[in-house]
Amino acid sequence: MKKLHVTIELEMSVPDDWELADTSEGTPVLKLPDGTYLDLTIEPLFAANPEDTWASADDDEVLNDLLDMVDSELVRYEFVTH
């Protein structure tokens, strides 16, 4: 088996009332003003052809098998003011 490194970096413009929060395990998440929480992680998308419309797996087992391949994940959130 070989290792695949995937780096995902997003820069987003978000409302001023979004806040950073931690889960009980210390995992950082975003707290939205309506009281819900948002965690941005990978969502694998699949297609039969690279020119087709991409969609998430309809089968939870496929998704779980793929996520089981993840050895580690690092998600950082930081608000930047200019």
Side-chain angles (χ1 to χ4, degrees):
M1 178 127 349
K2 55 187 171 186
K3 293 286 184 184
L4 171 65
H5 289 236
V6 178
T7 303
I8 300 172
E9 183 175 324
L10 302 174
E11 184 172 309
M12 302 170 62
S13 297
V14 300
D16 290 333
D17 52 3
W18 283 27
E19 300 175 14
L20 296 177
D22 287 322
T23 67
S24 62
E25 297 175 342
T27 304
V29 294
L30 295 162
K31 182 178 181 186
L32 306 185
D34 65 358
T36 61
Y37 293 85
L38 172 64
D39 186 15
L40 298 170
T41 61
I42 97 167
E43 179 187 355
L45 300 176
F46 299 90
N49 178 310
E51 304 306 319
D52 286 346
T53 301
W54 293 78
S56 58
D58 292 330
D59 184 353
D60 284 345
E61 186 174 335
V62 171
L63 178 59
N64 289 334
D65 287 346
L66 185 63
L67 292 177
D68 285 344
M69 294 179 196
V70 176
D71 294 325
S72 66
E73 178 181 8
L74 175 61
V75 178
R76 284 189 213 123
Y77 297 102
E78 175 186 7
F79 288 117
V80 178
T81 57
H82 299 283

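Just so you know, these numbers use all the heavy atoms, side chains as well, and skip hydrogens, waters and symmetry mates.
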Validation: residues 50-64 side-chain donor-acceptor distances under 3.5 Å, sequence neighbours left out:
| unit_1 | atom_1 | unit_2 | atom_2 | d |
| --- | --- | --- | --- | --- |
| D52 | OD2 | N49 | N | 3.4 |
| W54 | NE1 | P50 | O | 3.4 |
| D59 | OD1 | E61 | N | 2.9 |
| N64 | ND2 | D60 | O | 3.3 |

Checklist entry - With sequence neighbours left out, what residues match T23 under side chain to side chain contact (heavy atoms under 4.5 Å, CB included)? => result E25, T27, V29
Next on the checklist: Just checking D17: does its CG atom have more than 12 heavy atoms from other residues, nucleotides or ligands closer to it than 6.0 angstrom?
Outcome noted: yes
Item to check | W18 versus F79, closest heavy-atom pair with distance | outcome: O-CZ, 3.4 Å
Item to check | Heavy-atom side-chain proximity of V6 to I8 below 4.5 angstrom | outcome: yes
Checklist entry - Taking the hydrophobic residues Ile, Leu, Val, Met, Phe, Trp and Tyr, and joining any pair whose side-chain heavy atoms are under 4.5 Å apart, which ones share a cluster with L74? => result none
Side-chain donor-acceptor contacts of residues 30-48 below 3.5 Å, not counting sequence neighbours, with atom names and distances?
| unit_1 | atom_1 | unit_2 | atom_2 | d |
| --- | --- | --- | --- | --- |
| D34 | OD1 | T36 | N | 3.0 |
| D34 | OD1 | T36 | OG1 | 2.6 |
| D39 | OD1 | Y77 | OH | 3.1 |

Checklist entry - Can L20 be reached from M12 by stepping across I, L, V, M, F, W or Y side chains whose heavy atoms are under 4.5 Å apart? => result yes
Item to check | Qualifying side-chain hydrogen bond (donor to acceptor under 3.5 Å, both in side chains) pairs, either residue in residues 5-15, two or more places apart | outcome: none
Item to check | D71: partners by side chain to side chain contact (heavy atoms under 4.5 Å, CB included), with sequence neighbours left out | outcome: K3
